[in-house]
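First the structure, then my questions, so here it is.
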Amino acid sequence: MDIEHLKRVEYNQMYISSMRPVFNRRGLFTDTSEHYVTPAEPAPYDLVKIRFRTAVNNVDRVFLVHQGQKHLMNKVESDEEFDYYEHEHQMENEKVSYYFIIETGKISAFYDTRGLVKEPNEYYDFAIIPGFKTPEWAKGAVMYQIYVDRFCNGDPTNDVETNEYCYIGESVRKADDWNQYPASMDVRTFYGGDLQGVLDKMDYLKDLGVEVIYFNPLFVSPSNHKYDIQDYDYIDPHFGKIVSDEGEMLPPDQKENRFSTRYINRVTNKKNLEASNQLFIKVVEEAHRRGMRVILDGVFNHCGSFNKWLDRERIYENAPGYEKGAYVSADSPYHNYFAFHRDNEWPYNHTYDGWWGHDTLPKLNYEGSRELMEYVLHIGRKWVSPPYNADGWRLDVAADLGHSPEFNHHFWKEFRKAVKEANPEAIILAEHYGSTREWLQGDEWDTVMNYDAFMEPLTWFLTGMEKHSDDYRADLLGNADSFWGAMRHHSSSFAMPSWQVAMNELSNHDHSRFLTRTNHKVGRTNTLGPEAANEGVNKGVFREAVVMQMTWIGAPTIYYGDEAGLCGFTDPDNRRTYPWGHEDHELIAFHKAIIRLRRENDELRRGSLKSIDVDYNYLAYARFHKKGQSIILINNNDHEITKTVTVWEAGVAKEDKMVSLIQTTQEGYSLEATEYTIHGGKIEITLPPFSGTILKAVHDEEPGEVQEDGPVKETDSAVQEEETMHIAEISAAEILAAEISAAEAVPQGAVNEQKKGFFRSRFI
């Protein structure tokens with residue numbers, strides 16, 4: 001008899017008998033929401049309670065690790081499914097970063113913003129920034145982006161007229177047909193949309209469920225996009241009011257705008273400018289009266305060649321009440337607002353810096369002029385203060401402002417102070433591509449347009465298309481691992497106050513319409529023609545995207561017309577007019593319904609987010625907190641699939657039922673409530689092709705009309721424990737067999753190391 005062999009078997013049996021049940025990785029969870037960090041937005045020197053969740057009676061110890069120090073967490077609460085561990089941390093006046101170590105038996109695991117990982121990495125630590133707060137009204141709010149010239153023409157008397165002035169070498173023109181496609185060179189064509197049109201459609205926006213209106217630039221500017229601002233102090237009268245309309249159109253053979261006396265009067269006459277500002281005040285008042293907020297677009301990196309500070313077009317040279325522009329005179333009070341390369345060129349010095357070399361977009365020279373910086377800070381304060389009372393700023397190309405990273409950060413710190421002192425409830429969100437981390441430390445921007453941690457991963461997964469429709473990648477279409485990898489990596493840059501207000505868009509004025517991306521056509525309007533953007537689109541995929549948009553952390557932002565079925569390739573085709581009279585009413589009704597569901601189910605707006613299942617072209621994730629739990633299922637396949645979905649890890653109780661709130665298909669959507677019975681912490685559900693489904697946990701005591709049960713599968717309650725590790729689960733018998741095999745295969749002294757390696761390799 002091999003005595004040594006029996007001793008080893010006896011040792012293994014004793015070891016296993018001392019272990020807890022199979023380690024349950026699905027039970028592990030934490031984030032930095034109000035459900036796991038209290039207070040969620042602490043002030044400096046607050047005492048903060050940080051929580052971590054495990055499956056009930058499943059682990060030995062949980063440690064919070066901060067600055068290399070391990071802090072043993074106390075078990076403070078338990079329920080049928082989970083234990084909650086807590087650590088009280090005394091805040092200082094600096095950012096706190098941390099991760100967790102979970103110990104059970106001989107297993108040590110690490111947990112950070114990526115979830116369960118082999119090794120910690122400080123890049124993915126959880127973070128709390130004391131003193132950093134974002135407006136409550138913006139957390140999860142449904143936003144609506146309006147490109148004003150293309151939304152609604154409410155006042156034809158303020159329309160830009162054909163030949164009114166010259167822009168980039170050619171005369172501007174008024175579109176003859178509201179429904180015509182934008183031209184390939186579209187910036188000088190005007191359709192007549194204005195603020196009166198927004199007022200006329202304010203009830204439509206309210207009925208849709210909009211909570212925030214984000215306007216593309218409104219200030220005086222010669223283009224239809226208005227990212228080349230002419231006067232930061234006034235709303236453009238072409239969007240506002242023209243009460244004095246004197247002067248002549250630019251003669252057909254003339255290119256110099258100093259002769260465009262109609263335009264000069266329209267945009268320099270203080271009567272028109274003040275009347276336009278008054279109309280904006282009314283827009284904000286009417287929005288606020290309906291419970292909606294208003295965000296302005298701030299273009300502070302550059303202005304336009306028409307700008308009164310430069311006056312390249314000589315519009316203000318002889319206008320009463322205006323100083324000479326820096327282009328016109330070396331003695332201009334605005335001389336240092338721009339960087340000139342030659343001093344012997346005045347009058348009419350054209351040697352100024354242009355953004356990316358564009359002389360129509362002169363770069364603002366903040367480092368050279370403290371007066372310029374103070375004035376722009378004044379502008380930042382002005383529009384969020386009475387009588388205008390806008391609710392915040394979206395910042396164009398914000399990372400480009402200034403001539404150095406050091407100054408860029410200095411400026412935005414000062415901008416934040418100025419805006420927040422004027423209106424503490426104002427939001428500051430920036431356009432930015434790439435890592436946002438260095439600007440989102442609580443003292444510059446509140447958040448960003450969420451390209452990297454929303455628009456791009458979602459677009460690749462659902463369509464395989466690049467966000468401009470410039471590329472198609474079959475390897476990313478339906479690639480759930482790539483989707484979650486991108487989401488986890490990029491969202492780690494957000495502290496929770498930033499993430500909850502991030503602008504989650506499917507489309508906007510710089511990228512192709514999402515509905516067009518569903519046709520997998522690579523190209524632009526100048527290569528394929530505008531009709532191609534409408535062809536072969538898949539509304540089922542679009543509805544899936546909207547389901548995800550309305551159930552993700554952040555502020556879902558609808559680009560005007562997306563809800564009505566508007567298509568379009570990238571700029572300028574994405575700037576088609578809203579199709580009044582030709583709307584897709586089913587899509588509008590769908591948007592209303594899902595926005596209502598978001599509003600009625602708080603977990604969709606404020607709950608934690610957790611992935612619970614993945615497969616090719618399939619995602620399942622949960623939004624949950626103590627008071628509500630929802631499961632979102634996305635089937636992006638062209639065929640139906642049947643899935644067994646784990647729901648207990650979202651906090652759904654065994655005695656609960658799951659009821660569908662909405663299900664989308666290629667043909668439409670249904671609000672019919674179908675009930676799914678939970679067995680062993682799971683449900684089984686069949687999902688139609690190209691569909692999105694939201695399921696809600698319903699407690700037995702909650703009344704509600706439901707239809708007959710959906711398909712279910714009888715499963716043993718022990719199934720709950722089967723899928724509890726990132727790798728395939730291992731039973732005690734498997735461990736024993738593997739350990740015996742390992743003991744026989746290696747020298748006796750190496751058994752413990754072999755065992756340690758086995759557990760680590762199976763665990764991670």
Side-chain angles (χ1 to χ4, degrees), residues 95 129 131-135 214 217 219 221 226-233 295-304 307-310 326 333-340 352-356 358 361-385 390-424 426-449 493-495 497-498 501-503:
K95 177 181 175 180
I129 303 173
F132 181 28
K133 299 178 183 291
T134 53
Y214 153 49
F219 304 120
S221 162
K226 303 206 177 301
Y227 283 98
D228 47 354
I229 289 173
Q230 187 171 328
D231 190 337
Y232 292 91
D233 279 298
I295 295 175
L296 290 169
D297 208 322
V299 189
F300 301 129
N301 166 69
H302 56 272
C303 60
N307 189 278
K308 64 184 180 183
W309 298 332
L310 183 73
Y334 313 121
H335 181 126
N336 292 330
Y337 285 25
F338 308 93
F340 290 90
Y352 54 86
D353 266 351
W355 183 54
W356 288 87
H358 297 289
L361 301 174
K363 174 86 172 173
L364 291 171
N365 183 35
Y366 291 96
E367 289 91 332
S369 174
R370 180 67 192 181
E371 292 80 6
L372 170 63
M373 181 170 171
E374 289 297 334
Y375 199 86
V376 171
L377 295 181
H378 156 74
I379 292 296
R381 289 188 294 265
K382 171 180 176 175
W383 290 99
V384 300
S385 301
D391 298 288
W393 290 98
R394 177 266 189 189
L395 306 172
D396 188 58
V397 294
D400 285 11
L401 184 141
H403 297 295
S404 70
E406 294 75 18
F407 182 84
N408 182 276
H409 289 293
H410 169 68
F411 178 89
W412 293 123
K413 286 178 172 65
E414 293 299 310
F415 186 85
R416 181 182 185 83
K417 291 176 186 176
V419 170
K420 297 290 185 175
E421 286 173 1
N423 183 350
I427 193 170
I428 300 171
L429 60 90
E431 176 192 29
H432 185 67
Y433 300 86
S435 177
T436 61
R437 189 169 297 241
E438 57 188 302
W439 288 275
L440 297 182
Q441 297 303 310
D443 56 353
E444 297 184 48
W445 311 334
D446 282 325
T447 193
V448 293
M449 302 175 77
S493 295
F494 295 105
S498 288
V501 298
M503 186 180 278

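Everything numeric here is computed off the predicted structure, so don't read it as measured data. We're numbering straight along the sequence, starting at 1.
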About how many Å separate CZ of Arg394 and CE of Met503, when rounded to the nearest 0.5 Å?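 Separation between the atoms: 7.5 Å.
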
Using 0.5 Å steps for rounding, measure from the CG atom of Asn336 to the OH atom of Tyr334.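 The distance works out to 13.0 Å.
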
Less than 4.0 Å between a side-chain N and a carboxylate O, is that true for Lys417 and Glu421?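 Salt bridge between Glu421 and Lys417, a charged N being under 4.0 Å from a carboxylate O: no.
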
Can you give me the closest heavy-atom contact between Glu367 and Ser404, atom names plus distance?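 Distance-wise, the nearest heavy atoms are OE2-N, 3.7 Å.
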
How far does CZ of Phe411 sit from OH of Tyr366, to the nearest 0.5 angstrom?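 Here the interatomic distance stands at 4.5 Å.
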
Apply side chain to side chain contact (heavy atoms under 4.5 Å, CB included) to Asn301 and list each qualifying residue two or more places apart in sequence or on a separate chain.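 Scan of Asn301 (side chain to side chain contact (heavy atoms under 4.5 Å, CB included), adjacent residues dropped) gives Trp355, Lys363, Val397, Asp400, Leu401.
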
Would you mind reporting whether Phe338 and Asp353 have side-chain heavy atoms less than 4.5 Å apart?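 SC-SC contact between Asp353 and Phe338 ruled out.
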
Supply the atom-to-atom distance Ser221 OG to Asp228 CG, rounded to the nearest 0.5 angstrom.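 Those atoms lie 3.5 Å apart.
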
Between Ile427 and Lys420, which heavy-atom pair has the shortest distance, and what is it?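 What the structure gives for the nearest pair is CA-NZ, 4.4 Å.
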
Closest non-hydrogen atom pair, His335 against Phe340: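 Taking His335 first and Phe340 second, the nearest heavy atoms are O-CE1, 3.7 Å.
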
Any side-chain donor-acceptor pair under 3.5 Å between Asn365 and Tyr352?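 On atom types as modelled, these side chains do not qualify, holding no pair under 3.5 Å.
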
Does the side chain of Leu395 reach to within under 4.5 Å of the side chain of Ile428, using non-hydrogen atoms?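 Yes, their side chains come closer than 4.5 Å.
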
Can the ring centroids of Phe300 and Phe415 be said to lie less than 6.0 angstrom from one another?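 Aromatic pair counts; centres sit under 6.0 Å.
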
Could you give the distance from CG (Asp233) to NZ (Lys308), rounded to the nearest 0.5 Å?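 The NZ atom of Lys308 is 4.5 Å from CG of Asp233, to the nearest 0.5 Å.
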
Test item: Phe132 and Ser498 side chains (from C-beta on) under 4.5 Å apart, heavy atoms: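 Result yes, sub-4.5 Å side-chain heavy-atom pair found.
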
Please determine whether a side-chain nitrogen of the Lys or Arg among Asp297 and Lys226 lies less than 4.0 Å from a carboxylate oxygen of the Asp or Glu.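 Judged by the 4.0 Å cut-off on N to carboxylate O distance, Asp297 and Lys226 do not form a salt bridge.
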
Closest heavy-atom pair and its distance - Ala398, Asn408: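 Closest pair (atom of Ala398, atom of Asn408, distance): O-ND2, 3.0 Å.
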
Is the closest side-chain heavy-atom distance between Tyr232 and Asn307 below 4.5 Å?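 Sidechains of Asn307 and Tyr232: in contact.
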
Minimum heavy-atom distance between Asp231 and Phe219, given as atom pair plus value: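 In this case the closest contact between Asp231 and Phe219 is O-CB, 3.5 Å.
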
Can you tell me which residue among Ile295, Val501, Val448 is in a side-chain contact (heavy atoms from CB on, under 4.5 Å) with Leu429?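 Between Leu429 and the candidates, side-chain contact (heavy atoms from CB on, under 4.5 Å) is satisfied uniquely by Ile295.
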
Would you say the side chain of Thr447 lies within less than 4.5 Å of the side chain of Phe494, judging by non-hydrogen atoms?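 In short, these two side chains touch, coming nearer than 4.5 Å.
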
List the residues meeting ring pair (Phe, Tyr, Trp, His ring centres under 6.0 Å) with His403, not counting sequence neighbours, and say none if there are none.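 Listed in chain order: nothing, the list is empty.
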
Taking the side chain as everything from C-beta on, heavy atoms only, tell me whether Ser369 gets closer than 4.5 Å to Tyr375.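 No, every pair of side-chain atoms sits at 4.5 Å or beyond.
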
Whether the side chain of Glu414 engages the backbone of His410 through a donor-acceptor N/O pair (distance < 3.5 Å, no angle test) should be reported.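 Checked: no pair found.
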
Trp393 side-chain N/O to Gly380 backbone N/O, donor-acceptor pair under 3.5 Å: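 Yes; at least one donor-acceptor contact below 3.5 Å.
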
Do Trp309 and Leu364 have side chains that approach each other closer than 4.5 Å (heavy atoms only, starting at C-beta)?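 Yes, side chains in contact.
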
If I compare all heavy atoms of Thr134 with all of Pro497, which pair ends up nearest, and what's the gap?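 Looking at all heavy atoms of both residues, the shortest contact is OG1-O, 2.8 Å.
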
Checking His409 now: which residues fulfil side chain to side chain donor-acceptor pair (under 3.5 Å) with it, not counting sequence neighbours?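 His409 satisfies side chain to side chain donor-acceptor pair (under 3.5 Å) with Glu438, Glu444 only.
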
